[in-house]
Amino acid sequence: KIMLMWCLIFLGTGLLTLLGWVMMPDKVAHFSLTDKAMAIITGVMEGVAGGAMMAMISTAMLPEAFHGAGILSGLLFVSGFLVSVAIEGCGIFLSCHVSRHLVSQAESC
């Protein structure tokens with residue numbers, strides 16, 4: 001039953017990813033209306049997907065983890081989530097920093 005649930009989620013995620021790839025335009029001018037709409041839609045889709053994953057993990061996996069790890073399972077779950085958010089934030093910061101550095105090097109040439 002659990003394997004079927006995860007396989008369906010795996011297939012559904014792949015199909016929705018394919019649908020998003022087909023629907024989103026490839027080349028869009030920066031700061032255009034389409035670019036802003038894509039940023040909003042992407043943020044909403046990531047938020048819904050993240051919320052769905054957390055809901056599924058907390059209902060399907062945390063009870064099982066509680067049997068093995070006890071009360072620490074909730075703390076470990078939240079800690080893992082915070083680490084993933086921190087890694088995402090570092091990636092965004094570094095990508096902005098690197099792109100600014102490359103632009104400043106190109107302007108000096």
With a cut-off of 3.5 Å and sequence neighbours excluded, list every side-chain donor-acceptor pair involving residues 75-94.
| unit_1 | atom_1 | unit_2 | atom_2 | d |
| --- | --- | --- | --- | --- |
| Ser79 | OG | Leu75 | O | 2.8 |
| Ser84 | OG | Phe81 | O | 2.7 |

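In this structure, the separation between OG1 on Thr13 and CG on Leu8 is 10.5 Å, given to the nearest 0.5 Å. Note: Leu33 CG to Met38 CE = 12.0 Å, rounded to the nearest 0.5 Å.
In this structure Leu16 satisfies the side chain to side chain contact (heavy atoms under 4.5 Å, CB included) test together with Leu19, sequence neighbours excluded.
Around atom CG of Leu11, more than 12 heavy atoms belonging to other residues, nucleotides or ligands sit under 6.0 Å away. Counting heavy-atom neighbours within 6.0 Å of Met5 CE, excluding the residue itself, gives a total above 12.
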